There are 2 protein chains.
Amino acid sequence: MDVFLETVSALNDETRIKLLAFLDAHGALCVCDLQESFGMLQSRLSRHLKILKEGGFLRVDRCGTWAYYSLRCPLDRFRSEALTEIRCLGIELPPLKKLSETGGCKL
Amino acid sequence: MDVFLETVSALNDETRIKLLAFLDAHGALCVCDLQESFGMLQSRLSRHLKILKEGGFLRVDRCGTWAYYSLRCPLDRFRSEALTEIRCLGIELPPLKKLSETGGCKL
DNA sequence: TCATAATATCAATATATCTTGATGTATTAT
DNA sequence: ATAATACATCAAGATATATTGATATTATGA
């Protein structure tokens with residue numbers, strides 16, 4: 001029950017839905033890229049990413065000071081179906097601004 | 001986006017998950033049956049049932065003063081997958097106490 | 001009509017979640 | 001070592017959601 005609720009509540013926020021859609025569209029990104037792209041405080045993004053990770057949606061690859069977040073793969077049926085729904089929403093996403101491109105970590 | 005969030009937030013509560021599991025197990029029930037079975041205030045159940053209905057999970061059949069709530073059928077893929085998850089949780093549910101059996105409405 | 005029953009809604013409070021700004025930690029560059 | 005960068009965490013205030021108790025609405029039955 002708790003695991004399911006954790007998964008569901010991870011979906012229960014507009015910012016997190018947009019983050020999922022964004023990472024689905026652009027692959028692995030680090031927090032500073034998301035910060036640039038979304039124009040949100042880093043602490044805010046960090047918190048939401050943590051919730052999405054604990055909800056089973058994201059993985060993190062650390063490389064030095066960088067933390068690259070991406071969709072966990074494969075997603076189980078429920079999470080995968082959630083992602084399908086999100087894709088169908090046609091959410092307007094901000095343009096990608098990749099800070100880490102210049103001098104960032106080579107995964 | 002809003003529709004999806006409404007669906008997700010309908011799932012984002014332990015009481016509502018139990019209600020879904022209970023109605024899945026027992027079919028159409030009226031509020032007073034649920035009240036007896038769950039031992040919760042009627043206003044509380046009524047509110048949760050409304051949220052589940054607005055979230056696209058339940059239908060209501062009115063018959064006189066009775067309101068029979070049951071799972072909407074068919075459920076779309078996401079909601080259906082959510083229900084599958086809930087079934088797999090093996091939630092402990094209260095025993096069914098059917099008040100409406102004696103003198104209740106004949107659907 | 002009047003009383004009762006089933007359900008829905010509302011206002012107030014309690015509880016949980018989100019956002020912000022500040023601080024902490026670890027890593028890299030000088 | 002020192003400074004700067006990337007990220008995580010925390011405390012406080014803001015916002016949203018849940019619960020309760022009271023009241024409203026509608027239908028049935030005497």
Side-chain angles (χ1 to χ4, degrees), chain A residues 1-2 5-19 23 28-55 58-70 97-107, chain B residues 1-2 5-19 23 28-55 58-70 97-107:
Chain A
M1 168 76 97
D2 292 332
L5 261 174
E6 199 174 28
T7 305
V8 166
S9 73
L11 290 170
N12 194 39
D13 182 274
E14 189 168 331
T15 300
R16 290 196 288 270
I17 290 176
K18 284 184 181 166
L19 281 171
L23 291 169
L29 293 173
C30 60
V31 182
C32 60
D33 291 334
L34 295 167
Q35 190 181 347
E36 268 299 294
S37 303
F38 280 83
M40 288 179 182
L41 287 177
Q42 177 266 322
S43 61
R44 181 175 171 187
L45 287 171
S46 191
R47 184 181 197 278
H48 285 302
L49 290 167
K50 183 185 183 187
I51 291 171
L52 285 169
K53 178 171 162 286
E54 289 172 350
L58 300 185
R59 58 176 292 175
V60 198
D61 294 288
R62 285 176 192 292
C63 188
T65 68
W66 284 270
Y68 284 83
Y69 285 86
S70 57
K97 295 184 187 170
K98 229 174 177 176
L99 269 187
S100 56
E101 204 106 82
T102 52
C105 165
K106 299 101 201 150
L107 260 184
Chain B
M1 167 76 97
D2 292 333
L5 261 173
E6 198 174 30
T7 304
V8 166
S9 72
L11 290 170
N12 194 38
D13 181 275
E14 189 167 332
T15 299
R16 291 197 286 271
I17 290 176
K18 284 183 181 167
L19 281 170
L23 291 169
L29 293 172
C30 62
V31 182
C32 61
D33 292 334
L34 295 166
Q35 189 180 349
E36 268 300 292
S37 303
F38 280 83
M40 288 178 181
L41 287 176
Q42 178 268 324
S43 60
R44 181 175 170 186
L45 286 170
S46 190
R47 185 178 197 281
H48 284 304
L49 289 166
K50 184 185 183 188
I51 291 170
L52 283 169
K53 178 171 162 287
E54 289 172 351
L58 300 185
R59 58 176 290 175
V60 197
D61 295 288
R62 288 179 187 289
C63 188
T65 67
W66 283 270
Y68 283 83
Y69 284 87
S70 57
K97 294 183 187 171
K98 229 174 177 176
L99 269 186
S100 56
E101 203 104 85
T102 53
C105 165
K106 298 101 204 150
L107 261 184

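Every value quoted in this text rests on a predicted model; they were computed, and no experiment measured them. Proteins come first, then strands; the chains are lettered A, B, ... in the order of their sequence lines, and each starts at number 1.
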Working to the nearest 0.5 Å, report the span between CG of L58(B) and OG of S70(B). 7.5 Å

With a 4.0 Å cutoff (strictly under), does any side-chain N or O of Y69(A) reach OP1 or OP2 of dA8(D)? yes

Using 0.5 Å steps for rounding, measure from the CG atom of L52(A) to the CG atom of L23(A). 8.0 Å

Contact boundaries of DNA chain C with chain B (under 4.0 Å, heavy atoms), 5' to 3'? dA6(C) to dT9(C)

Rounded to whole Å, CG of L45(B) lies from P of dT19(D) at a distance of 10 Å

To the nearest 0.5 Å, what is the distance between OG (S43(A)) and CD (Q35(A))? 9.0 Å

From CD of E6(B) over to C1' of dA16(D), roughly how many Å is that when rounded to an integer? 15 Å

Once you round it to whole Å, what is the distance between C1' of dT17(D) and CG of N12(B)? 10 Å

Nucleotides 20-30 of chain D: protein proximity per nucleotide (B base, S sugar-phosphate only, - neither; heavy atom, under 4.0 Å): BBB----BS--

Atom pair CG (L45(A)) and SG (C30(A)), whose distance is rounded to the nearest 0.5 Å: 11.0 Å

Do L34(B) and L49(B) have side-chain heavy atoms sitting under 4.5 Å apart? yes

Rounded to whole Å, CG of D13(B) lies from C1' of dA16(D) at a distance of 13 Å

Rounded distance in Å - NE2 (H48(A)) to C1' (dA8(D)): 14 Å

Distance check needed: dC7(D) P versus D61(A) CG, whole Å only. 13 Å

Over how many whole Å does the gap from I51(A) atom CD1 to dT9(D) atom P extend? 12 Å

Short side-chain N/O contact from K50(A) to OP1 or OP2 of dA8(D), under 4.0 Å: no

Looking only at atom types and distance, does a side-chain atom of S37(B) sit under 3.5 Å from a main-chain N or O of D33(B), one as donor and one as acceptor? yes

Side-chain donor-acceptor pairs under 3.5 Å in residues 6-14 of chain A, sequence neighbours left out?
{"residue": "T7(A)", "atom": "OG1", "partner": "V3(A)", "partner atom": "O", "Å": "2.9"}
{"residue": "T7(A)", "atom": "OG1", "partner": "R79(A)", "partner atom": "NH2", "Å": "3.0"}
{"residue": "S9(A)", "atom": "OG", "partner": "L5(A)", "partner atom": "O", "Å": "3.2"}
{"residue": "S9(A)", "atom": "OG", "partner": "E6(A)", "partner atom": "O", "Å": "3.4"}
{"residue": "D13(A)", "atom": "OD1", "partner": "T15(A)", "partner atom": "N", "Å": "2.9"}
{"residue": "D13(A)", "atom": "OD1", "partner": "R16(A)", "partner atom": "N", "Å": "3.2"}

L29(A) has an atom CG; how far is it from atom C1' of dA6(D), in whole Å? 15 Å

